[in-house]
Participant: 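Before I ask anything, let me first share the structure, which is written out below as structure tokens.
Computed from a prediction, not measured in an experiment: that's the story for all the values here.
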Amino acid sequence: DGGITQSPKYLFRKEGQNVTLSCEQNLNHDAMYWYRQDPGQGLRLIYYSQIVNDFQKGDIAEGYSVSREKKESFPLTVTSAQKNPTAFYLCASSFGVFGRFFGPGTRLTVL
Amino acid sequence: AQSVTQPDIHITVSEGASLELRCNYSYGATPYLFWYVQSPGQGLQLLLKYFSGDTLVQGIKGFEAEFKRSQSSFNLRKPSVHWSDAAEYFCAVGITANAGGTSYGKLTFGQGTILTVHP
């Protein structure tokens, strides 16, 4: 079955540590996205990539970094510079300009 | 800049009752409009979308939405709610944006409405 895999589902880290969230898709989509979700705030775009080896900052990129070395993979690193990293992180890939296929998400808790 | 407002944070309905979730948007032109649903701890699933044409659009799971340009609204409706409809619902506006010299489809999401269904 085609889809998006995000791992792990739950992630715990100590304050000051960098952490990398995995996102893999087998849908053959060119574009991929990372969103952050906080209660009552909807989804906010962190980074997006329309093609391999290229990515752009979204609305809240500070404290995050990404890479896009393969079409299937778009990992997100939450660095120690991110002031409030505890959140639910959603990866998506795109079919067409506005179509978004979402993964199941990773809940990150920083202790 | 575009924005989306979902005025109701939480709505409770009885199973079998009708449902309407409100969505208002702010954008200078006619945007592309979407409704997504999210079950607890899961990703989002597209319910329906409006690009142009008929202002009443049908989606999956028996949902429909009506685009009203004069009211800048795109409300989601269902005539009879099932217990399995309990979830969080997000309205989104899509526009074509430019960044880094290229254009892409940007989605701006509302804050979400949590739907609780009583038996």
Participant: Parallel, tilted or perpendicular for Phe98(A) and Phe34(B), by the 30°/60° rule?
Facilitator: tilted

Participant: Would you say Phe74(B) and Phe90(B) are hydrophobically clustered, going by side-chain heavy atoms of ILVMFWY under 4.5 Å?
Facilitator: no

Participant: Applying disulfide (SG to SG under 2.5 Å), which residue pairs with at least one partner in residues 14-86 of chain B are found, sequence neighbours left out?
Facilitator: Cys23(B)-Cys91(B)

Participant: Please identify, among Ile95(B), Ile9(B), Thr108(B), the residue contributing the most non-hydrogen atom pairs under 4.5 Å to chain A.
Facilitator: Ile95(B)

Participant: So which bits of residues 101-111 of chain A come within less than 4.5 Å of chain B, counting non-hydrogen atoms only?
Facilitator: Phe102(A), Gly103(A), Pro104(A)

Participant: Select all residues of residues 14-21 of chain A having any heavy atom within less than 4.5 Å of some heavy atom of chain B, and report them by number, or 'none'.
Facilitator: none

Participant: Heavy-atom cut-off 4.5 Å, strictly under: side chain, backbone, both or neither for Leu45(A) against chain B?
Facilitator: side chain

Participant: At a 4.5 Å cut-off on heavy atoms, which part of Ile114(B) comes close to chain A: side chain, backbone, both, or neither?
Facilitator: neither

Participant: In terms of heavy-atom proximity below 4.5 Å to chain A, should Thr96(B) be classed as side chain, backbone, both, or neither?
Facilitator: both

Participant: Using non-hydrogen atoms only, which part of Arg100(A) is less than 4.5 Å away from chain B: side chain, backbone, both, or neither?
Facilitator: both

Participant: State plainly whether one hydrophobic cluster holds both Leu107(B) and Val4(B), where clusters connect Ile, Leu, Val, Met, Phe, Trp and Tyr through side-chain heavy atoms under 4.5 angstrom apart.
Facilitator: no

Participant: Most heavy-atom pairs under 4.5 angstrom with chain B, which of Asp38(A), Val97(A), Asp54(A), Ile4(A)?
Facilitator: Val97(A)

Participant: What residues of residues 38-68 of chain B sit under 4.5 Å from chain A when only non-hydrogen atoms are counted?
Facilitator: Gln38(B), Gly41(B), Gln42(B), Gly43(B), Leu44(B), Phe51(B)

Participant: Following the transitive rule for hydrophobic clusters with a side-chain heavy-atom cut-off under 4.5 Å over Ile, Leu, Val, Met, Phe, Trp and Tyr, establish whether Tyr48(A) and Tyr36(B) coincide in one cluster.
Facilitator: yes

Participant: With clusters defined by side-chain heavy atoms of hydrophobic residues (ILVMFWY) lying less than 4.5 Å apart, directly or transitively, does Tyr32(B) cluster with Tyr35(A)?
Facilitator: yes

Participant: Quick one: closest heavy-atom pair of Glu88(B) and Gln37(A), and the distance?
Facilitator: OE1-NE2, 4.3 Å

Participant: Are Leu76(B) and Ile11(B) co-members of a hydrophobic cluster defined by side-chain heavy atoms under 4.5 Å apart?
Facilitator: yes

